[in-house]
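Working notes, beginning with the structure itself.
Here the structure is a predicted model, which means the values were calculated and not measured.
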Amino acid sequence: MGLRITTWNVNGIRNPFSYQPWREDRTFQAMFDTLEADIVVIQETKIQRKDLRDDMVLVPGWDVYFNLPKHKKGYSGVAIYTRSSKCCPIRAEEGITGVLCPPNSSTKFRDLPAHQQIGGYPTPGQLSSDIDEAQLDSEGRCVILEFPAFVLIGVYSPATRDETRIEFRQAFIDAMDARVRNLVSMGKEVFLCGDLNIIRNEMDTAGLPEQLKKEAMTLDQFISTPSRRFLNQIVFGGRVIGEPDEGREKPVLWDLCREFHPKRPGMYTCWETRKNARPGNFGSRIDYVLCSSGIKDWFVDANIQEGLLGSDHCPVYATISDSVSRDGVIIPITDIMNPEGMFKNGQRQREWSQKDCLPTSARLIPEFDRRQSIKDMFVKKKTPSHTPKSATPAADNQDISDCPNTSSITVNATTVLQGTASSASSPRQWLSQSTATEPALSQTSPVPKRRAEQSAPYTRPPKKAKAALAKQPSSKTGPGPSQSTLMGFFKAKTPTPTVNPDERHGPINGNNHSPVTTAETALRDEPSTAKGNQPKQSFEAGNIEEWDENAVEHKTNPTTYGENSTAMEDEGKGKTIFDPIQNKESWSKLLGKRVVPKCEHGEDCQSLVTKKPGINCGRSFYMCARPLGPSGNKETGTEFRCKTFIWSSDWSGRQ
């Protein structure tokens with residue numbers, strides 16, 4: 001398939017996602033793929049710069065250029081999306097007159113150096129209106145892109161809502177006519193598309209006879225209105241009543257849809273939504289795809305897509321052939337739709353990159369510059385190093401084991417890990433300590449020599465550091481399995497003597513021994529096994545109770561488990577043993593459901609949030625749930641709200 005250019009007035013850039021088939025995926029990439037377009041010109045985005053979002057700008061495989069209104073909110077706006085795999089512009093501008101400035105610059109487009117200009121800017125003599133040029137470009141109505149093949153102009157022409165907009169509309173049309181004719185006279189090919197808000201002739205609107213009769217107007221008068229006169233003078237085959245206007249004697253553009261469908265009736269692109277006119281196809285054709293004579297033969301198709309919903313307009317497209325004739329030579333269209341050197345004979349020579357973005361590209365807006373999606377982070381391929389092995393510095397090829405500080409780093413990391421395991425007396429403590437030790441652990445894995453030779457510099461993934469840590473020699477005093485599960489952090493460092501079986505289920509005796517469960521004995525007597533044979537443990541909320549019942553010995557302060565924890569010290573050995581029953585109660589209080597406090601009536605309080613501005617705004621509190629009674633009410637049988645008031649942050653009751 002060739003290169004397709006689609007223009008569509010979407011009446012709000014997110015509006016199509018409310019209709020089928022766009023609501024299924026709701027992404028711009030999926031919408032453009034459904035349109036089968038390579039360049040999409042959108043009108044009436046109805047957003048401002050602050051409304052831009054990642055999904056609008058960072059569309060995978062697409063670049064985008066916006067011209068948004070400077071003052072009015074939710075009004076007008078034009079955007080052009082280009083598929084990076086098929087085309088890439090070499091220049092881009094906002095506005096039709098050239099008086100706007102590129103981003104981060106105070107120089108107007110028309111005042112840039114000649115090699116940076118698109119050209120064809122209207123001269124003061126070509127603009128007959130008193131409307132200021134800056135005002136014409138303040139509503140976000142035009143984006144212009146230049147490719148080596150042609151200049152693409154995407155416009156949203158003003159409509160005549162009332163008499164106050166007539167002068168502005170005519171001034172914009174004059175500027176558009178001057179820009180197109182100036183570019184053609186410079187020898188550049190032009191492709192003009194968008195919502196022109198102009199009905200060309202009687203074939204392009206429904207119910208015209210009734211309208212003319214109602215307004216007491218003849219057909220010649222209808223064709224001779226200023227906007228239709230402009231359109232019929234700029235296109236070949238247009239009907240012009242009387243002599244052409246000065247400077248508009250020769251047509252310069254072709255109406256592609258009429259070239260491929262010259263006699264097709266009902267070829268409408270816009271329908272009035274308030275009258276539900278679309279099902280009956282009672283509309284008008286006001287969206288166009290026009291091209292200059294030099295590229296007319298490149299197009300193999302042009303049509304409307306009236307079956308695609310999403311707006312009061314429908315998409316209109318024109319398709320260029322895969323290979324075109326230029327200066328008598330047949331060349332692939334991709335060769336002249338991209339900067340020099342990107343394609344040759346239809347084959348890609350280099351990939352599109354962020355460096356190919358032009359200054360006006362939305363991807364270079366500070367909020368979106370150098371951003372990537374999470375998906376790109378996982379699928380991006382590493383670029384192999386082309387540096388010869390002999391040219392690699394000796395320091396890059398040096399094994400990290402030769403570094404004098406390597407052994408100390410490894411020992412310190414191992415010590416940190418074991419210290420964390422031995423000092424964590426609760427899951428919450430262990431989680432906070434293990435997070436703090438991650439930076440130290442990430443330095444313990446040496447870089448293999450072979451990998452350092454392949455690519456330099458090399459950044460080690462964080463997971464590799466943890467995996468390599470398991471291979472470090474253990475500094476434990478006794479034999480035991482390597483750390484591979486959560487339970488390993490809560491095991492005693494030294495073997496625990498076996499408790500007399502007769503005392504396992506007995507009461508606490510005078511020697512301050514706590515009852516030992518069968519699970520404890522199995523854990524203490526667990527033999528040393530290989531890493532692969534370790535039983536897997538899961539630290540989840542669902543098995544907290546199971547973990548508590550298998551509680552083991554710790555050499556930590558017993559107050560870590562709470563004030564109600566019971567700890568006994570084994571005589572002669574200085575070891576602390578925690579009562580698993582008390583531990584379970586402590587965990588239940590910590591993780592259990594919060595209990596609502598009672599008021600003075602013995603009823604559950606209600607939870608409210610402070611909304612009054614001040615230092616307590618947003619804080620929640622508990623108070624009596626009964627209604628607030630009138631002051632001095634002494635009726636019997638009715639008790640009103642008591643004085644109970646408790647801040648939620650001060651209440652820690654749990655089930």
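Residues forming a salt bridge (Lys or Arg N to Asp or Glu O under 4.0 Å) with R26 (at least two apart in sequence, or on another chain): none. Residues passing the side chain to side chain contact (heavy atoms under 4.5 Å, CB included) test with D297, sequence neighbours excluded: none. When the salt bridge (Lys or Arg N to Asp or Glu O under 4.0 Å) test is applied to D255, the partners found at least two apart in sequence or on another chain are R200, R285. In this structure R239 satisfies the salt bridge (Lys or Arg N to Asp or Glu O under 4.0 Å) test together with D220, sequence neighbours excluded. The ring-ring contact (aromatic ring centres under 6.0 Å, His included) check on Y156 picks up nothing, with sequence neighbours excluded. Under the rule for a side-chain hydrogen bond (donor to acceptor under 3.5 Å, both in side chains), the partners of D301 that lie at least two apart in sequence or sit in another chain are Y317. The side-chain hydrogen bond (donor to acceptor under 3.5 Å, both in side chains) search around D132 returns none, not counting sequence neighbours. For T82, there are no side-chain hydrogen bond (donor to acceptor under 3.5 Å, both in side chains) partners at least two apart in sequence or on another chain. For E133, the salt bridge (Lys or Arg N to Asp or Glu O under 4.0 Å) partners two or more places apart in sequence, or in a different chain, are R110.
A donor-acceptor pair is defined here as one N or O able to donate and one able to accept, closer than 3.5 Å; no such pair exists between the side chain of R363 and the backbone of L358.
A donor-acceptor contact closer than 3.5 angstrom is absent between the side chains of N276 and W271.
To the nearest 0.5 angstrom, I336 atom CD1 is 4.0 Å from I331 atom CD1.
Within the structure, every pair that satisfies the ring-ring contact (aromatic ring centres under 6.0 Å, His included) test and touches residues 28-78, not counting sequence neighbours, is listed here: F17-F28, F32-W62, F32-Y81.
Residues C193 and I153 fail the side-chain proximity criterion, which asks for heavy atoms closer than 4.5 Å. For the pair L196 and D287, the minimum side-chain heavy-atom distance is 4.5 Å or more.
Remark: aromatic rings of W298 and W254 are distant, center separation not under 6.0 Å.
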*Go through the steps to decide whether L136 and R141 satisfy the test side-chain contact (heavy atoms from CB on, under 4.5 Å), and finish with yes or no.*
CA-CA 8 Å; L136 287 178; R141 294 188 174 274; over 6 Å; no
*Let me see the working for I39 and L152 under side-chain contact (heavy atoms from CB on, under 4.5 Å), right down to the final yes or no.*
CA-CA 10 Å; I39 300 176; L152 170 64; 3.7 Å; yes
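Checked against D177 for a side chain to side chain donor-acceptor pair (under 3.5 Å), the options Q126, Q233, R248 give a single hit: R248.
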Please tabulate, for the side chains in residues 209-219, all donor-acceptor contacts under 3.5 angstrom to protein atoms that are two or more places apart in sequence or on a different chain.
{"from": "T218", "atom 1": "OG1", "to": "Q221", "atom 2": "N", "distance (Å)": "3.3"}
{"from": "T218", "atom 1": "OG1", "to": "Q221", "atom 2": "OE1", "distance (Å)": "3.4"}

Under 3.5 Å, which donor-acceptor pairs link side chains of residues 96-105 to any protein atom two or more places apart or in another chain?
{"from": "T97", "atom 1": "OG1", "to": "D137", "atom 2": "OD2", "distance (Å)": "2.5"}
{"from": "S105", "atom 1": "OG", "to": "T107", "atom 2": "N", "distance (Å)": "3.1"}

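Within the cation-pi definition used here (under 6.0 Å to the ring centroid, within 45° of the axis), R165 qualifies as a partner of F168.
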